[in-house]
There are 2 protein chains.
Amino acid sequence: MRLVVARCQVDYAGRLTAHLPMATRVLMIKADGSVLVHSDGGSYKPLNWMSPPCTFAEEVDDEGVASWTVTSKTGDTLRILIEEIQHDSSHDLGIDPGLQKDGVEKHLQELLAEHPATLADGLRLVRREYPTPIGPVDLLCRDADGNRVAVEIKRRGEIDGVEQLTRYLELLNRDPLLAPVRGIFAAQLIKPQARTLAEDRGITCAVVDYDALRGLDDPTDRLF
Amino acid sequence: MRLVVARCQVDYAGRLTAHLPMATRVLMIKADGSVLVHSDGGSYKPLNWMSPPCTFAEEVDDEGVASWTVTSKTGDTLRILIEEIQHDSSHDLGIDPGLQKDGVEKHLQELLAEHPATLADGLRLVRREYPTPIGPVDLLCRDADGNRVAVEIKRRGEIDGVEQLTRYLELLNRDPLLAPVRGIFAAQLIKPQARTLAEDRGITCAVVDYDALRGLDDPTDRLF
DNA sequence: TACTCGATTTCGGGG
DNA sequence: CCCCGAAGTCGAGTA
C-alpha cells in the first residue's frame with residue numbers, strides 16, 4: 001500500500017468519461033495495482049478510481065512532472081497528472097482476515113423461517129427458498145386454514161419487492177395443487193408507496209422487528 | 001485529512017453489526033470526522049467506515065493503548081482499537097472542485113430524444129420526461145402510423161426497468177386521448193430476463209449504441 | 001426535509 | 001464465468 005498526497009489532475013475513460021481538475025488529493029495505490037483518489041470529504045466512495053485487476057505505470061517527463069497511467073483489461077484507463085507531491089510513503093499490510101457481518105437479509109430470513117407465526121397467527125413453514133421458474137420464493141407457508149401463503153422478505157420494503165412477490169403469486173396460483181396462494185410482504189421497514197401497492201393487490205404487509213426476533217430465538221444459540 | 005497505518009481491531013454497530021479482527025490497515029480520517037478503514041486489496045469500498053455527519057473521539061488508556069470511537073447522530077458507532085501505529089500524518093487538502101462526468105443515462109436520453117428514429121423507423125418525439133401521476137416517462141413519441149409510443153431508457157436494461165415501463169403503459173392507456181400506447185425498452189445492454197419479460201408483455205426491446213449515437217449528433221457541438 | 005432513482009454502483013452467492 | 005440480487009449502498013434531483 002502506497003499513500004501519496006499530491007496536487008493532481010485525473011482523467012478517466014471507460015464506461016463513461018470523467019475529469020477532475022487540478023487540486024490536492026490523497027492517492028491510494030493498493031498492492032494489486034488498483035488506485036483510489038480521495039478528497040477530504042464526501043463518503044467512502046473515492047472521487048475516482050480504478051478497480052483491480054489492473055496495471056499501474058509511473059513515468060516522469062523531461063521537466064520532472066510525474067504521470068500515472070492505470071489500465072484495466074477491459075480498456076478502461078485512469079490517467080493522473082502529478083503537479084506537486086506533499087507526501088509519499090509505502091506500507092506492508094499483509095492480507096486482511098476479512099469482515100464478519102450479522103443482521104443482513106439472510107439472517108432475517110432464517111429467523112422468520114424459525115418463527116413464521118410472528119407474521120400471522122397459526123402460520124407454519126412449508127419450505128424456505130421454494131423454487132419457481134422465475135426464482136425462489138423466500139418462504140412458502142400454510143396458514144391456520146391450511147391455505148398456502150408466499151412470504152417475500154426484505155430488509156427495506158420497497159416497490160420492487162412487491163412486484164417480485166406479485167410475480168411469484170401469479171405463477172404459484174396457476175398451479176391447481178397450490179392455489180389459492182396469498183402473499184405476505186415482510187420487512188423491517190415498509191415504504192408508504194410499497195404498502196399502498198401491496199394492499200391494492202391484496203398482499204398483507206408485516207413489519208418485522210429484527211431484535212425482537214433474535215430474542216425469540218433459542219438463547220443457547222448465542223452463548224458461544 | 002489524517003492518514004494512519006496501524007494494527008487495529010474494528011467493531012461497527014448500526015444497521016447491522018460487523019467485526020474486523022486485529023490486523024494492519026490504513027485508517028483515513030477526513031476533515032468532517034468520517035473514517036474509512038482500508039485493507040491492501042478489494043476495490044474502492046472500505047472494509048468498514050463511518051459516514052458523515054459524525055463525531056470522532058480519541059482516548060488513550062493507562063497502558064497507552066489508543067481507541068477511537070466514531071458516532072453518528074442515528075446511533076451508529078464505529079469503535080477502533082489501535083494496537084500499534086506504523087504511520088500517522090495530517091494533510092491540508094482544501095475543498096475539491098469536484099468531478100465532471102459524461103456518458104451517464106441522462107446523456108443517453110438526450111441523444112435518443114434527438115434521434116428517436118434510431119429506435120424505430122419513422123418514430124418522432126412528442127415530449128421528453130412526459131409527466132404521469134407515477135413519474136415522468138423518458139420519451140413519449142408517435143410512430144409512423146401516428147400511434148403513441150412510450151420509451152423507457154436505461155444504461156443497463158434489467159427487470160425493474162420493464163416493470164417501470166409496464167406501469168407507465170398501464171396508466172397512459174387509461175387515457176382515451178392517448179391510447180393505444182405501445183412501449184419500447186431501450187438500453188445499451190438488455191439482460192435476458194428483462195428481454196423475456198418485456199416481450200411477454202408486448203414491449204419492444206431496442207439495444208442502443210451510445211458511441212454511434214454520439215457520432216450521429218451534430219459535430220459542431222463537440223468542437224472543444 | 002423526505003422520497004425516488006441512477007451508479008464506472010460494488011459485492012457475494014449459485015448455477 | 002455469467003447471472004442475479006442485496007447493500008450500513010451513496011448522492012443528486014425534486015416535490
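Nothing here was measured: the structure is a model prediction, and the numbers come from that model.
When distances are taken from the side chain of Arg156(A) to each of dG6(C), dT9(D), dA6(D), the shortest belongs to dT9(D). Counting only heavy atoms from C-beta on, Ser43(B) has its side chain closest to dC11(C) among dT4(C), dG6(C), dC11(C). Of the candidates dT4(C), dT8(C), dT9(D), the closest approach to any side-chain atom of Arg155(A) belongs to dT9(D). When distances run from any side-chain atom of Gln193(A) to the nucleotides dC11(C), dT9(D), dT4(C), the shortest one goes to dT4(C). Across dA7(D), dC10(D), dT10(C), the shortest atom-to-atom separation from the side chain of Ser51(A) is found for dT10(C). Among the nucleotides dT8(C), dA6(D), dG6(C), the one closest to any side-chain atom of Lys45(A) is dT8(C). Residue Glu105(B) has its side chain nearest to dG6(C) when only dT10(C), dG6(C), dA6(D) are considered.
Under a 3.5 Å cut-off, the side chain of Asp40(A) and the backbone N or O of Ala31(B) do form a donor-acceptor pair.
As judged by a 4.0 angstrom heavy-atom cut-off over every strand, Met50(B) is placed among the base-contacting residues. Counting any heavy atom pair closer than 4.0 Å across all strands shown, Gly42(A) reaches sugar-phosphate atoms only and no base atom. Among the heavy atoms of the strands, none lies under 4.0 Å from Lys106(B).
At dC3(C), none of the side-chain N or O atoms of Lys191(A) fall inside 4.0 Å of OP1 or OP2 (strictly under the cut-off). Close to dT9(D), at under 4.0 Å from its OP1 or OP2, lies no side-chain N or O of Trp49(B).
Rounded to an integer number of Å, the gap from Asp160(B) CG to dG5(D) C1' is 10 Å. Across the protein-nucleic acid pair, Gln109(A) atom CD and dG12(C) atom C1' stand 15 Å apart, rounded to whole Å. The CG atom of Leu108(A) sits 14 Å away from the C1' atom of dA7(D) (whole-angstrom rounding). Remark: C1' of dT4(C) and CG of Leu189(A) are 14 Å apart, rounded to the nearest angstrom.
Trp49(A) has its side chain out of reach of Val35(A): every pair of non-hydrogen atoms, C-beta onward, lies at least 4.5 Å apart. Ser34(B) places a side-chain heavy atom less than 4.5 Å from the side chain of Cys54(B).
By the criterion of a centre-to-centre distance under 5.5 Å and near-parallel planes under 30°, the ring of Tyr44(A) forms no stack with the base of dC10(D).
Nearer the 5' end of DNA chain D, as judged by each residue's closest nucleotide, is the contact made by Glu158(B), out of Glu158(B) and Arg15(B).
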- Task: Give the C-alpha distance, both sets of side-chain angles, the deciding distance and a yes or no for side-chain hydrogen bond (donor to acceptor under 3.5 Å, both in side chains) between Gln188(B) and Arg156(B).
- Result: CA-CA 6 Å; Gln188(B) 285 178 269; Arg156(B) 295 164 64 156; over 6 Å; no
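More than 12 heavy-atom neighbours from other residues, nucleotides or ligands sit within 6.0 angstrom of CG on Leu189(A).
When the C1' atom is compared between dT14(D) and dT8(C), the two are found 25 Å apart, to the nearest whole Å.
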